[in-house]
Asks: 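Take a look at the following structure, please.
So that the names make sense, note that chain A is the first sequence line, chain B the second, and so on, each numbered from 1.
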Amino acid sequence: MARRFVLKPQPADLSTRFTIDYAGELNPQQYAVVTAADGPVLVIAGAGTGKTRTLIYRVAYLVETGVPPEQIVLLTFTRRAAAEMLGRASGLLDGRCSRVRGGTFHSFCLGVLREYAPRIGFPRNFSILDASDAADVVDVLRTAGGYHKGDKRFPRKRSLHALFSAALNRDVSVGELILSRFPQFAGYVNEIEDLASQYEAYKVQYGLMDYDDLLRRTLSLFEHHDDVRQRVSGSCLHVLVDEYQDTNRLQAALVRQLASVHGNVMAVGDDAQSIYGFRGAEPENIFAFPDDFNGTQVLKLEHNYRSTQPILSLANHVITKAEQKYDKTLFSEKKQGELPALVQAADDRFESRFICQMILQLREEGVPLNRIAVLFRSAYNSYHLETELNRCNIPFVKYGGLKLNEAAHIKDVVAYLRIAENPRDAVAWNRILLLLPGVGPKTANDLIQWIVAGSEDPFQLEHRPFSPRYAEALRELFDMLRAIRSPEATLLQQIETITPYYEPILKQKYYEDYPKRLQDLEHFVALAGTFSSRSDFLASLALDPIELTALEAEAASKDEPPLVLSTIHSAKGLEFHTVFLLHALDGVLPSFYSLKEPGGLDEELRLLYVAITRAEENLFISYPVVQYRRSYGEYFSRPTRFLDNLPEQIIEPWTVVEEGAAPPALPPAPPPVALPAPAFPDDDDLLPF
DNA sequence: TTTCCCAAGCTTTTT
DNA sequence: GCTTGGGAAA
């Protein structure tokens, strides 16, 4: 019997049913972005203009207007950023937003490839190579090919891989790149190009992908398999891309593919904050966006809610020094505030003590530690400070330093897991075979050939030529691997099978500091416990590297959220009540290396701009007058050229002195008279650091 | 072929 | 301060 079901009429105005008062909670510019119609939208957002907040509301708005959350894709620069944004969006909307797909380009591509990799000749369980794995591959090939036999210097494995990667990300051939930017290797163009193609072949042969492969193989998957593109892009009803100024050519092409079915893309960026040129990022992507997408609506966010006017004035001043002109002047809603300080310290120790004491004072005043950040150009710039912080018992996390998965002993353990996941993973095999006594590069290579060419069960020793020198060790290894391969073993059980096997090796290999490394392993085991599948765990380690200090800080202080130490790059998108920038020296920021790069100085300047605009209330830029270099001794350093000749109404000079020598250099006391300017060496004599 | 030892060289920013 | 490469002994 046929029936008729009568639908009730839909309410004419959906807005009355929104749970969020968008117009009330956002300014008109933000509101325009959040409620923008379908189609391509480009948002030019200055620093501190509530970009993140706007994107969060946009996601919520889309969900409220009926877009299925799983058809929204939010591409961000780090997974941390994605998780934070989706968390906040979920908070706005009773958890519905948690089903939004979010992550980095790399993690999104990984998801696509895990499904479609066989279409382009890769196994689904391909392994992901990090930079040092990739360098290991290059090393194996280079040794096998005997390239380093020449009389001149052949590039090192890391340089080689960096070269391959740079060529790919800039869409030029390795040969062209060498001639244009690395003339010192020009004598080896043919050899290096050979190696590059061997590297590619090796990855295909053993089912391996490096970071670049994740992007470019996904792109080529879309380009050559239209049904896949249709399917994937069809599931992306809305694509939102954060930090668009830091996308490279590949990523921009991916965005075009993802939006090719529905055409709903929102890209958000700020060309003045482009700091990834070294990785092939092309800030021009922002300006090319309207050409790439017909009918692009361009919207702007200009009101700064983060920083006080004095901090913005400094930022505005600094950015005018760029070669390239930026059409930017930031205005704050917060008019009042302390002047940014340019703090001169005698040396590293003074600088560190100044920062620690100031932090303690701020904490006294009620500023939580995790609202304070110390930023620096390079991870090692903070060594002295870290010692001093430990002395003062100030807990901290450091972002941008050594990652958990970069530590050799962690990489070893991960290698066992990787083999269990992908038994053809030659890099992982190489790594763990070399740990066996009596096995060197040659034997390892031979064994890998046997193993990979072998039967379905790669962990059989029978019928394989092997020497008694390492037979017993190999048998033990295979027994262990077979145990963790067992389908019943949970991830935690697998790791608990590995550790007793690996500990003797660890003890032997790192006898001096093995207890410390053992501790890392314990953290690692604990971390593994939070994952359910081995493949998720491995992917997360590769794509969302965890800071070594993050685990330590967590273990050490449950009571107080720690201070943040971070490279400027890793602080992108974040904001803090108080920001310290240390080692603001010529040669550090701008980095010595940047002088050789075309456009390098501007990028360093933008880096300073990013650092400055992280601050809400207080900004202290400090530098030591005397630096020490082993092999050179002590020498005078020079503060960053970017702050030369700034008026005192823009940045206030401070001097740090020992108690008794002069009034303490702490507010509200007026800053003491500056020391006589140090005798700077001539630019010619100036050392890189 | 492996392993040990010593000298040389280099040292940014990230997925 | 650390990795990397070369050379020589086992």
Asks: Just by distance, with hydrogens left out, do A:Tyr199 and A:Asp210 show a side-chain donor and acceptor under 3.5 Å apart?
Replies: yes
Asks: Looking across every strand, which nucleic acid part, if any, lies under 4.0 Å from A:Ser107 by heavy atom: base, sugar-phosphate, or nothing?
Replies: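 If one applies the 4.0 Å heavy-atom cut-off, A:Ser107 turns out to touch nothing in the nucleic acid.
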Asks: Would you confirm whether A:Thr613, through its side chain, and A:Tyr609, through its main-chain N or O, come within 3.5 Å as a donor-acceptor pair?
Replies: yes
Asks: Can you tell me how far apart CD (A:Gln257) and SG (A:Cys236) are? Round to the nearest 0.5 Å.
Replies: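 If we round to the nearest 0.5 Å, A:Gln257:CD and A:Cys236:SG are 11.5 Å apart.
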Asks: Quick one: is B:dT14 close enough that its OP1 or OP2 comes under 4.0 Å of any side-chain N or O from A:Ser570?
Replies: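 Looking at the OP1 and OP2 atoms of B:dT14, one of them is under 4.0 Å from a side-chain N or O of A:Ser570.
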Asks: Which part of the nucleic acid, if any, lies within contact of A:Phe105, taking any heavy atom under 4.0 Å across all strands shown: a base, the sugar-phosphate backbone alone, or nothing?
Replies: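 Nothing: the residue A:Phe105, judged by heavy atoms under 4.0 Å, touches no strand.
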Asks: Are the side chain of A:His569 and the backbone N or O of A:Ile275 linked by a donor-acceptor pair below 3.5 Å?
Replies: yes
Asks: For A:Ala542, report the nucleic acid contact type (base, sugar-phosphate, nothing); a contact means any heavy atom under 4.0 Å.
Replies: nothing
Asks: Take A:His569 and A:Pro437, find for each the nucleotide of DNA chain B with the closest heavy atom, and name the residue whose nucleotide sits nearer the 5' end.
Replies: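 Upstream on the strand: A:Pro437.
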Asks: Round to the nearest Å and state the distance from A:Phe376 atom CZ to B:dT11 atom C1'.
Replies: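 The distance from CZ of A:Phe376 to C1' of B:dT11 comes to 16 Å, rounded to the nearest Å.
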Asks: Looking only at atom types and distance, does a side-chain atom of A:Asn381 sit under 3.5 Å from a main-chain N or O of A:Ser378, one as donor and one as acceptor?
Replies: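 At least one qualifying donor-acceptor pair exists.
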Asks: Where the side chain of A:Asn125 meets the backbone of A:Glu421, is there a donor-acceptor pair that is under 3.5 Å apart?
Replies: yes
Asks: Measure OH/A:Tyr383 against P/B:dT12 and give the value in whole Å, please.
Replies: 10 Å
Asks: Would you state whether a donor and an acceptor, one from the side chain of A:Arg377 and one from the base of B:dT13, lie under 3.5 Å apart?
Replies: yes
Asks: Measure the distance from CG on A:Leu608 to C1' on B:dT13 and round it to the nearest whole Å.
Replies: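 Going from CG in A:Leu608 over to C1' in B:dT13 covers 15 Å.
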Asks: If I take atom CG in residue A:Leu434 and atom P in nucleotide B:dT3, what distance separates them, rounded to the nearest angstrom?
Replies: 9 Å
Asks: Whether A:Ser594 contacts B:dT12 is assessed here as follows: a side-chain N or O lying under 4.0 Å from the phosphate OP1 or OP2. Is that the case?
Replies: no
Asks: Can you list, in residue-number order, the parts of residues 267-278 of chain A that come under 4.0 Å of DNA chain C, counting heavy atoms only?
Replies: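 The answer is none.
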Asks: Just how far is it from atom CG of A:Leu607 to atom CZ of A:Phe642, taken to the nearest 0.5 Å?
Replies: 9.0 Å
Asks: Output the rounded distance in Å from CD (A:Gln251) to C1' (B:dT14).
Replies: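 It works out to 11 Å between those atoms.
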Asks: Which one, B:dT13, C:dT3, B:dT12, comes nearest to the side chain of A:Arg156?
Replies: C:dT3
Asks: In whole angstrom, give me the gap between the P atoms of B:dT12 and C:dG5.
Replies: 16 Å
Asks: Are the side chain of A:Asn248 and the backbone of A:Gly280 linked by a donor-acceptor contact shorter than 3.5 Å?
Replies: no
Asks: Could you work out which one of B:dT11, C:dT4, B:dT1 sits closest to the side chain of A:Lys157?
Replies: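 Ranking B:dT11, C:dT4, B:dT1 by closest atom to the A:Lys157 side chain puts C:dT4 first.
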Asks: On DNA chain B, compare the nucleotides closest to A:Ala131 and A:Arg469; which residue's is nearer the 5' end?
Replies: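 The 5'-side residue here is A:Arg469.
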Asks: Send over the distance from A:Lys509 NZ to B:dC4 P, rounded to a whole Å.
Replies: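 Between P of B:dC4 and NZ of A:Lys509: 13 Å.
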Asks: Of the candidate nucleotides B:dT15, B:dT2, B:dT12, which contains the atom at the shortest distance from the side chain of A:Thr443?
Replies: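 Out of B:dT15, B:dT2, B:dT12, the nucleotide with an atom closest to A:Thr443's side chain is B:dT2.
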Asks: Which nucleotide sits closest to the side chain of A:Thr104: B:dT2, B:dT15, B:dT11?
Replies: B:dT15
Asks: Between atom CZ in A:Arg279 and atom C1' in B:dT14, what is the gap in whole Å?
Replies: 5 Å
Asks: Could you give the CG-to-C1' distance, from A:Leu595 to B:dT12, as a whole number of Å?
Replies: 13 Å
Asks: Taking the side chain from A:Gln245 and the backbone from A:Gly269, do they hold a donor-acceptor pair closer than 3.5 Å?
Replies: no
Asks: Between N or O atoms, less than 3.5 Å apart, protein on one side and nucleotides 7-10 of chain C on the other: list the pairs.
Replies:
none

Asks: To the nearest 0.5 Å, what is the distance between CD1 on A:Ile319 and CG on A:Leu605?
Replies: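 Result: 5.0 Å between the selected atoms.
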Asks: Would one find a side-chain N or O of A:Arg216 under 4.0 angstrom from OP1 or OP2 of B:dT15?
Replies: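 Negative; the distance criterion is not met.
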Asks: Would one find more than 12 heavy atoms of other residues, nucleotides or ligands at under 6.0 Å from atom NE2 of A:His409?
Replies: yes
Asks: Within the pair A:Arg158 and C:dT3, is there a side-chain N or O less than 4.0 Å away from OP1 or OP2?
Replies: no
